[in-house]
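Contents: one structure, followed by commentary.
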Amino acid sequence: MNFQEIGEKWQKRWAEEKAFEPEPEEGKRKFFLTAAFPYPNSPQHIGHARTYTTTDVYARYMRMRGTNVLFPMGFHVTGTPVLAMAKRVAAKDPEILEIFEKIYRVPADVIPTLDEPKRLVDYFSREIEMGMREMGFSIDWRRKFYTYDKAFNAFIRWQFEKLKGKGYLVKGNHPVPWCPNEDNAVGAHDTKGDVDPNIDQMTAIKFELKDEPGNYLLCATFRPETIYGVTNAWINPQIKYSLVEIGGSKYWVSSAVAKSLPLQIPSMRKIGERNGSEFEGKKVLNPVTGDELPIFPASFVQPEVGTGVVMSVPAHAPYDYLALMDLKGTKWEPMIPEPKQVLELEGFGEFPAKEIVERMGVKNQNDPKAEAATEEIYSKEAHTGKMVIEKYAGMRGVDAKERIKEEMVSAKKALMLHDVINGPVWCRCGARICVKIVADQWFIDYGNKEWKDDVKEAFSRMNLIPEKTRPEYEYTIGWLKEKACVRAQGLGTTFPYDETKMIESLSDSTIYMAFYTVADLIGGMDPERLNSQFFDFVFLGKGDAGAVAEEAGISEKELRAMRASFLYWYPLDSRHSAGDLIHNHLTFFVFNHVAIFPKEHWPRQIATNGFVLMEGSKMSKSLGNIMPLREAIRKYGADIVRFSVVTGAELDADSDFNEAMTEGVVARMKWMAGLVEEYSAKEGSEGKAKAIDLWLLSKLHRKMKIATKAFEKLALREISQEVFYSSVNDLRWYFKRTGSNAKIMRDFLRNWVLMMAPFTPHTCEELWVKLGGEGLVSQAKWPEFDEGKISESAELAEEVVGKTRDDVENILKLIGKKPAKLCLYAAEGWKRKLYSIAREEKRFDLAMKKAMADSELKARAKDVGRVLQQLMKDVGTLRRLMLTEEQELSALRDAKEFFAQEFSCEVEVMMEGEAVGDAQKKKAANASPMKPSIFIE
RNA sequence: GCGGGGGUGUCAGAGCCAGGUCAAAUGAGCAGGACUGAGGCUCCUGUGCCUUUAGUGGCUGCGAGGGUUCAAAUCCCUUCCCCCGCACCA
């Protein structure tokens with residue numbers, strides 16, 4: 001069986017028969033599902049396949065359940081990553097070239113052509129689409145679009161008009177990481193090493209120079225609460241400082257900062273400059289305590305960090321303490337101040353910084369260990385530190401920080417500045433990333449209270465898979481506030497209220513599912529004529545069809561068909577993505593639906609899945625263990641990849657893709673295929689079904705029941721265990737038990753193929769033909785289980801046979817002789833009665849009392865006492881279901897042939913009372929329900 | 001810090017919501033055997049410790065410590081550890 005060949009063969013058939021190109025059908029239930037569309041700035045690997053395969057398995061299942069299923073796909077090209085990637089190719093960035101060559105094996109002659117964004121998108125999107133087709137995804141490709149298509153741009157502009165109309169678009173100022181060289185905002189993919197620049201607020205405190213009234217030394221700090229412990233100020237004598245004017249006040253900051261500061265404070269003017277060393281020995285005033293503080297030189301002060309000026313809190317900041325110690329032996333030694341405590345910290349004395357420095361053996365301010373010491377002390381003090389300053393006594397560090405910051409700012413003793421806190425971060429162009437306050441930035445106001453309430457309502461009506469993701473959504477809804485929605489650069493859609501800006505990528509991908517419903521129909525239209533009235537009509541049913549159609553340059557009938565298509569497919573029944581999008585995309589997706597569409601069109605379900613691991617570890621460039629999807633398909637075949645990726649773990653957990661697993665899948669698949677081959681050729685019905693046949697049927701229908709139920713929560717792993725692995729095991733037992741009914745086998749295999757079809761559709765199509773199935777298995781009906789075929793007693797009977805076999809084997813091993821004859825004695829009815837009593841009462845005295853109330857049991861009071869004692873020992877393990885003595889006896893009799901074959905000896909089965917011979921009788925008396933007594937001669 | 005998830009046998013991973021059929025599914029690994037020219041293929045058996053030349057026995061055990069219960073991997077409390085997210089970025 002060649003999985004690769006089978007794949008191609010059936011993909012061709014599906015395409016020819018247009019098997020997955022649904023049209024609205026009056027009266028037929030629909031099911032519309034989408035997965036987050038791919039971003040084609042590189043090829044896809046098996047990790048990407050997880051979400052799509054999950055979606056496809058679901059789509060195929062729902063199709064078999066008789067619904068009209070729409071599963072479309074498009075490409076997301078919005079934003080800067082595509083541009084950044086093309087630029088890196090153009091610059092022949094060795095890292096990128098290596099990934100393309102070595103991992104994705106992009107042909108050498110193709111790579112140089114990817115230096116242009118459009119070509120890059122074309123190439124990779126084709127690559128991705130090919131991979132999806134080769135995976136056999138049941139996607140309706142007629143509806144494919146790119147987010148930079150004109151028609152889609154028109155749609156997104158309409159979306160933003162709607163948001164504006166609701167008052168959800170607002171304007172404000174916003175700090176962003178910025179490359180001063182390229183004059184653009186940067187994201188992680190724009191930086192060296194893909195570092196995500198983290199921006200945080202710093203409090204810039206004004207320390208007035210004693211000798212220069214009106215001029216301040218500006219100290220930026222993350223710990224304003226320590227203002228009470230400042231003993232001096234630090235400057236770097238090696239660098240230059242500039243005097244800048246902001247709002248009428250004059251401040252000294254490092255010249256490096258003076259350069260980038262206008263990005264945050266455009267009104268800033270530079271009015272002077274001097275060397276850092278000129279400040280040494282001067283005095284400044286603490287704005288809060290009024291203390292007079294000296295200015296000392298320190299080499300740890302970096303020109304680009306904060307303001308290039310540092311306030312010294314030796315009690316709590318290891319660097320400050322170390323720098324003071326470093327002054328020993330200089331002319332400043334006599335002036336070295338004593339630390340002043342601000343916070344008390346459990347496990348530490350008055351001066352935690354001093355202690356930690358001594359404990360960790362940090363030598364001086366240039367010792368790399370100083371950083372670790374700082375981190376430890378800062379985090380401890382912030383979270384568990386308590387203020388000792390009288391005014392704030394007992395307050396937690398974090399709370400004091402907020403309060404003191406506010407007090408200083410409102411008293412104009414400090415300013416708020418922003419800085420990159422995980423710096424230095426470098427742009428790919430080589431410039432150091434700084435912070436820019438973008439003025440008049442546009443935001444989507446996800447903080448809007450009423451909007452949030454609607455979103456909460458939407459979620460309360462939505463099905464979430466797995467359900468345990470719900471708190472994450474709730475949390476996200478809670479903290480969401482204004483989100484910047486435009487950028488200066490990038491592909492996508494221009495912003496309707498500022499044509500110089502582009503709509504940012506997380507904002508143009510929130511309601512595109514609606515676009516799919518008409519994407520194929522819009523394809524032939526003039527995109528210039530797609531105005532708001534058009535979209536209002538199609539998606540909201542507003543306006544006059546005739547007028548709208550005329551404006552749009554189409555017939556009224558065409559227009560109405562679009563509206564009808566939308567109404568047929570919407571709402572979205574299921575949305576799929578990896579779990580990492582819960583905190584942004586998936587929540588935005590609901591927000592925007594709620595804002596724009598009426599309640600009946602709000603989404604119904606979101607399913608999120610985990611990632612794919614490669615041989616136990618995360619796929620990463622550095623590990624070089626990325627498995628490109630198309631390579632995996634070539635190597636294993638689509639069905640094997642599909643099956644492995646979605647059944648390796650339950651939905652929310654990461655799934656491991658490994659060689660051993662694929663081998664196991666292939667082996668079982670081939671085994672099953674072999675059975676199909678064998679039994680499809682075998683002649684029809686052979687006589688009456690035996691007990692073991694009924695057992696197999698029971699197992700089959702139970703599987704069908706479990707699988708059907710498990711699909712509700714997309715428990716694909718559970719289904720695979722039940723349908724795939726356990727089928728193989730059941731069939732092995734069936735054959736071992738000398739089962740061989742061809743009719744039953746065909747029935748089993750047929751249903752098995754149907755249940756496997758969503759997972760491994762290509763192989764199943766192939767097997768379906770062999771089994772004489774009609775049409776495509778992809779369009780066949782999902783098997784309905786028959787509750788009547790599920791037989792507890794058949795399964796229990798088989799269990800007794802199996803356990804008895806194991807027991808016999810145990811005994812044989814123990815006595816080490818070849819059996820001549822095997823006698824099995826089934827327990828009598830009264831024991832079963834007693835068993836039930838014991839299980840119910842759970843206590844010896846109560847059970848005994850109840851037993852004595854029964855005349856049959858009372859008659860054998862002595863035996864009852866003995867057996868009950870025995871039963872009580874394991875009262876917890878007594879089971880609910882039990883065979884009657886007739887059932888157990890006949891199960892064992894039925895299996896006589898099997899036992900005889902297993903142990904190559906004569907077999908006798910009887911009730912315990914029928915035992916002949918003293919030794920036999922004694923043994924037989926030990927029989928208990930579901931546990932026949934065994935005697936071996 | 002805030003929010004979420006999780007700690008199970010050699011490993012991966014079920015079970016936990018609805019306590020008992022749990023020495024704990026399933027798979028992998030490992031060991032032994034069968035088949036074979038040979039096997040990394042396939043099949044069978046075993047795989048916590050102890051006991052037992054007749055099975056349905058004992059002990060330990062599901063991060064750690066306590067508790068509830070006739071009974072706890074499952075419920076409650078305390079505690080330690082790990083992973084993920086905290087945005088303007090797809």
Side-chain angles (χ1 to χ4, degrees), chain A residues 36 38-39 41 76 78-82 174-177 185-190 196-199 379 382-384 396-398 438 441 443-444 446 467-476 478-487 504-507 509 579-585 588 610 613 616 648-650 652-654 656 658 660-661 663-665 667 670-671 717-718 720-722 724-726 729 732 736 799 803-804 806-817 839 842-844 870 872-881 923 926-928 930-936:
Chain A
Y39 196 93
N41 68 339
H76 197 202
T78 307
T80 53
V82 163
H174 190 65
V176 294
V186 294
H189 51 268
D190 301 313
D196 195 15
N198 255 317
I199 294 178
S379 122
H383 304 133
T384 63
R396 283 201 313 162
V398 270
V438 180
Q441 171 75 302
F443 298 90
I444 298 176
Y446 290 125
E467 174 61 30
K468 71 179 170 196
T469 55
R470 190 174 293 278
E472 286 191 67
Y473 288 102
E474 282 166 359
Y475 180 70
T476 307
W479 65 249
L480 270 181
K481 43 184 196 281
E482 303 88 354
K483 162 158 174 63
C485 59
V486 298
R487 287 195 63 172
E504 168 278 335
S505 64
L506 280 172
S507 301
S509 56
D580 58 338
L581 296 189
I582 290 176
H583 305 281
N584 44 53
H585 164 73
F588 299 157
L613 305 177
E650 216 48 278
D652 55 321
D654 290 349
D656 188 30
N658 59 69
M661 181 191 192
E663 278 170 13
V665 175
K670 289 188 171 165
W671 192 73
R717 180 186 168 84
E718 186 185 344
S720 75
Q721 294 276 337
E722 201 55 45
F724 188 65
Y725 293 95
S726 116
N729 292 345
R732 281 180 184 154
K736 190 171 181 170
E799 201 181 308
K803 284 194 168 158
T804 304
D806 291 346
D807 282 342
V808 172
E809 189 161 275
N810 272 335
I811 297 167
L812 289 177
K813 207 177 283 175
L814 228 49
I815 61 176
K817 72 167 187 185
R839 202 184 66 80
K842 298 201 180 356
R843 271 174 52 188
F844 184 84
Q870 195 65 33
M872 283 336 284
K873 271 170 78 178
D874 275 310
V875 69
T877 68
L878 302 180
R879 47 197 304 170
R880 186 178 317 269
L881 294 156
K923 266 283 165 241
N926 285 339
S928 54
M930 300 289 290
K931 193 89 190 170
S933 188
I934 298 163
F935 187 84
I936 294 167

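So that the names make sense, note that chain A is the first sequence line, chain B the second, and so on, each numbered from 1. Side chains are part of it too, since the values below use all heavy atoms of this structure and drop only hydrogens, waters and symmetry mates. What you see is a predicted model; the values in this text were computed from it and never measured.
A/Lys923 has its side chain out of reach of A/Ile934: every pair of non-hydrogen atoms, C-beta onward, lies at least 4.5 Å apart. The closest side-chain heavy-atom distance from A/Thr78 to A/Ser509 is not below 4.5 Å.
Side chain of A/His583, nearest nucleotide from B/rU26, B/rG55, B/rG85: B/rG85. Of all nucleotides listed (B/rC88, B/rC86, B/rG4), B/rG4 comes nearest to the side chain of A/Glu472. With B/rC89, B/rA87, B/rU26 as the candidates, the nucleotide lying closest to the side chain of A/Tyr725 is B/rU26. Considering only side-chain atoms of A/Ile811, the nucleotide from B/rC89, B/rA28, B/rA54 that sits closest is B/rA54. Side-chain proximity of A/Trp479 to B/rC86, B/rA54, B/rC89: nearest is B/rC86.
Residue-level contact check: A/Pro38 touches neither bases nor backbone, having no heavy atom under 4.0 Å from any strand. Residue contacts shown for A/Ser507 are absent, as no nucleic acid heavy atom lies under 4.0 Å away. Among the protein residues, A/Asn729 comes within range of the sugar-phosphate backbone only, with heavy atoms under 4.0 Å from sugar or phosphate atoms but none that close to a base. As judged by a 4.0 angstrom heavy-atom cut-off over every strand, A/Glu482 is placed among the base-contacting residues. Here A/Phe935 lies in heavy-atom contact (under 4.0 Å) with a base. Counting non-hydrogen atoms under 4.0 angstrom, A/His174 reaches a base of the nucleic acid. At a threshold of 4.0 angstrom between heavy atoms, the contacts of A/Lys468 are confined to the sugar-phosphate backbone, with no base atom among them. Contact annotation for A/Leu480: base contact, defined as any heavy-atom pair under 4.0 Å involving a base atom.
For the P atoms, the distance from B/rU53 to B/rU68 is 41 Å, rounded to whole Å. Taking the P atoms as reference points, B/rA24 lies 30 Å from B/rG40, given to the whole Å. Atom C1' of B/rA25 sits at a distance of 14 Å from the matching atom of B/rA73, rounded to the whole Å. Spacing of C1' atoms, B/rU8 relative to B/rC81, comes out at 15 Å, to the nearest Å. Going from the P atom of B/rG5 to that of B/rC62 covers 24 Å, rounded to whole Å.
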Practice task
Run the numbers on A/Glu504 and A/Lys483 for side-chain contact (heavy atoms from CB on, under 4.5 Å), then give the verdict.
Solution key: CA-CA 10 Å; A/Glu504 168 278 335; A/Lys483 162 158 174 63; 3.4 Å; yes
Practice task
Carefully, step by step, assess A/Lys803 and A/Glu799 under the rule salt bridge (charged side-chain N to carboxylate O under 4.0 Å, His left out).
Solution key: CA-CA 6 Å; A/Lys803 284 194 168 158; A/Glu799 201 181 308; 3.5 Å; yes
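Remark: A/Arg470 is not in phosphate contact with B/rG4, judged by side-chain N or O atoms under 4.0 Å from OP1 or OP2.
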Exercise for the section: Using a 4.0 Å cut-off on protein heavy atoms (strictly under), produce a 5'-to-3' string for nucleotides 40-46 of chain B with B for base contact, S for backbone-only sugar-phosphate contact, and - for none. Expected result: --SSSS-
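Between A/Phe443 and A/His174, the angle of the ring planes goes over 60°, which puts this pair in the perpendicular group of the 30/60° scheme.
Nearest-nucleotide positions on RNA chain B for A/Gly79 and A/Ser928 put A/Ser928 closer to the 5' end. Two residues, A/Lys923 and A/Tyr475, neighbour RNA chain B, and the one matched to the more 5' nucleotide by heavy-atom proximity is A/Tyr475.
Residues that satisfy the side-chain contact (heavy atoms from CB on, under 4.5 Å) test with A/Asp580, not counting sequence neighbours, are A/Ala578, A/Phe611.
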Enumerate the protein-to-nucleotides 8-14 of chain B contacts in which both atoms are nitrogen or oxygen and the separation is below 3.5 Å.
| residue | atom | partner | partner atom | Å |
| --- | --- | --- | --- | --- |
| B/rG13 | O2' | A/Arg717 | NH2 | 3.2 |

